[in-house]
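Working notes, structure below.
Because the structure is a prediction, the values reported are computed rather than measured. Reminder, nothing fancy here: chain letters follow the sequence lines and each chain counts from 1.
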Amino acid sequence: MTAGRYALHLDFEACKACGYCLLVCPRKVYAPGTAFNKRGFRPFRVTAAEACIGCLRCFHVCPDFCLEVAMAGEGTNP
Amino acid sequence: MDRLAKRYLRSRKIPGTTCSGCGLGQVHKKVLLAIEQLGLGTKDIVWGTGIGCAGRQIFNTWKGDNFAGTHGRVYALATGLRLALPEERKIILTAGDGDAFGIGLLHLLHCARRNLDVTVVVADNFGCQSTGGQYGCTTPRGYVTDSSPYGVREPGWLENGLDILDMLRDAGATFLARHSSFEGQSAVDSCAQAIRHKGFSLVHFIYPCVTHFGAVSLQSGDKARIFRWFEGLFRPEAGNSGDPRFRSGVYHDAGSSRPEFASSLKEWTRTVRREAAGRD
Ligand code: SF4
Ligand code: SF4
Ligand code: SF4
């Protein structure tokens, strides 16, 4: 999802809904989800991408390789 | 999948089978970020795994050459590989606390003694979690586990003035670091230093097992609470005063002060051959 300087991508099928991304994010960019994925988890959602400051805290704590934080439009990483 | 998984891991293994909230993937990611930071590709590294949760979840995820060692013996296998492979090929071994500091400790110490050029990443979840949550040699004293219903009574490797990293340093390890799996770039930097290091390097990561240690020892299914407890281990002022406390970062860096085993053995072999040829 792109709405500011950073593009955030959360892989719906890979997320295990641990919630660490929301826990560490200083801008509350994430929110718990309601829909189930194929593995039976309810993946978190990116709900405030425009507030992201690119600190990468969420990226470092996501244990399941399902989050990506990139510079909007460039595809490079902060 | 993120870019790291796409570039370095086998897609059929991702997402892996770790429990939701397990910190093992955080450790795995730090190592991959270090590899990316160093500009290394899948052909540059041979990856070995131990057993237990750390072994089972990371085994065969690496797209390049990889192998699984028998319990605690991955260090011995890597010694042979180190002698056979070109020096520029890196060897990374990921293992758990039981594998590295329990059953495999002697093999690990001999690797350190020889200053073998490998990088060992120990993913420590404070016990034997893949077998149901029994206590191990790093479980903090007093905590209830599946095999210590009244709390762990025996001293571990990480308390009362003992630190397993001191033992490894005394055995000859030339690079040692310690981090929590929740850390960011500082942990990546230590992994990168360890991989670049020519000699025996080890990074000790402490990570949460939410399913056993979290649920039974911390008596919580709340991942936020578990997260804070683990973070507190790295803050001297935090938490229960009986819990161990750690300093994160590089623990010991002896640079190139000791010869590396494989390269010095190869050099010695060349010398012997030259002398033998001279006698003919
Ligand atoms: S990069 Fe930082 S601000 Fe942006 S979503 Fe992640 S944790 Fe939140
Ligand atoms: S940290 Fe990763 S796995 Fe956990 S909820 Fe967030 S996106 Fe999902
Ligand atoms: S049992 Fe514990 S260490 Fe093993 S995958 Fe589950 S949370 Fe991780």
Side-chain angles (χ1 to χ4, degrees), chain A residues 1-2 6-46 49 52-72 74-78, chain B residues 1-11 13-34 36-37 53 57-58 61 123 125 179-189 191 205 207-211 214 221-228 230-231:
Chain A
M1 193 175 286
T2 312
Y6 302 97
L8 302 171
H9 179 72
L10 195 159
D11 183 339
F12 184 83
E13 290 305 334
C15 174
K16 291 185 189 159
C18 66
Y20 289 144
C21 48
L22 173 60
L23 194 67
V24 300
C25 177
R27 294 302 185 95
K28 299 288 168 264
V29 164
Y30 300 94
T34 46
F36 286 97
N37 66 14
K38 288 195 194 116
R39 304 174 127 233
F41 294 106
R42 285 190 286 192
F44 274 55
R45 293 171 303 137
V46 178
C52 175
I53 52 168
C55 68
L56 292 178
R57 284 188 205 169
C58 57
F59 177 70
H60 280 292
V61 297
C62 174
D64 284 291
F65 300 104
C66 57
L67 264 189
E68 191 66 80
V69 183
M71 302 300 292
E74 296 173 28
T76 55
N77 303 98
Chain B
M1 283 197 286
D2 66 12
R3 67 178 191 279
L4 298 167
K6 281 185 197 139
R7 179 169 176 194
Y8 294 116
L9 304 181
R10 292 167 200 255
S11 55
K13 303 280 282 186
I14 304 297
T17 50
T18 46
C19 311
S20 163
C22 175
L24 186 63
Q26 297 164 336
V27 178
H28 197 181
K29 175 180 267 182
K30 302 290 149 26
V31 184
L32 296 182
L33 278 166
E36 184 190 51
Q37 188 167 302
C53 281
Q57 318 297 352
I58 299 181
T61 50
N125 56 13
H179 291 276
S180 136
S181 65
F182 290 112
E183 280 176 63
Q185 190 56 40
S186 56
V188 176
D189 290 341
C191 290
F205 274 101
Y207 78 94
C209 164
V210 291
T211 301
D222 176 0
K223 299 201 180 74
R225 214 197 125 224
I226 296 171
F227 169 85
R228 283 194 202 96
F230 274 87
E231 267 206 328

Heavy-atom distance under 4.5 Å to chain B: side chain of [X], backbone, both or neither?
X: C15(A); result: neither
X: F59(A); result: both
X: L67(A); result: backbone
X: A14(A); result: both

- Message: Do C22(B) and K16(A) make a side-chain contact, defined as non-hydrogen atoms from C-beta onward lying under 4.5 Å apart?
- Response: no
- Item | T18(B) side chain near D64(A) side chain, heavy-atom distance below 4.5 Å | yes
- Query: How many angstroms lie between OG in S186(B) and NE2 in H60(A), if you round to the nearest 0.5 Å?
  - Reply: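 Answer for the OG-NE2 pair, S186(B) versus H60(A), is 8.5 Å.
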- First locate atom CD of E13(A), then atom CE of M1(B), and finally report the distance between them rounded to the nearest 0.5 Å.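 Rounded to the nearest 0.5 Å, the CD-CE separation comes out at 12.5 Å.
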- Query: Under 3.5 Å, is there a donor-acceptor pair between the side chain of D2(B) and the main chain of E68(A)?
  - Reply: no
- If you count heavy-atom pairs under 4.5 Å between each of G184(B), C19(B), A5(B) and chain A, which one has the most? G184(B)
- Message: Using a 4.5 angstrom heavy-atom cutoff, name the option from Q185(B), K29(B), E183(B), K223(B) with the most pairs to chain A.
- Response: K29(B)
Nearest atoms (heavy-atom pairs only) where [X] meets [Y]:
X: V61(A); Y: F182(B); answer: CG1-O, 3.7 Å
X: N77(A); Y: R3(B); answer: ND2-NH1, 3.1 Å
X: P15(B); Y: R39(A); answer: O-NH2, 3.3 Å
X: Y20(A); Y: P208(B); answer: OH-CG, 4.1 Å

- Task: Determine whether more than 12 heavy atoms belonging to other residues, nucleotides or ligands lie under 6.0 Å from atom NZ of K38(A).
- Result: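 Not buried by this count: 12 neighbours or fewer within 6.0 Å.
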- Item | Geometric class of the F65(A)/H28(B) ring pair [parallel <30°, tilted 30-60°, perpendicular >60°] |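 Aromatic pair H28(B)/F65(A) classed perpendicular.
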Proximity breakdown for [X] and chain A, heavy-atom pairs closer than 4.5 Å:
X: K30(B); answer: side chain
X: L24(B); answer: neither
X: V188(B); answer: side chain

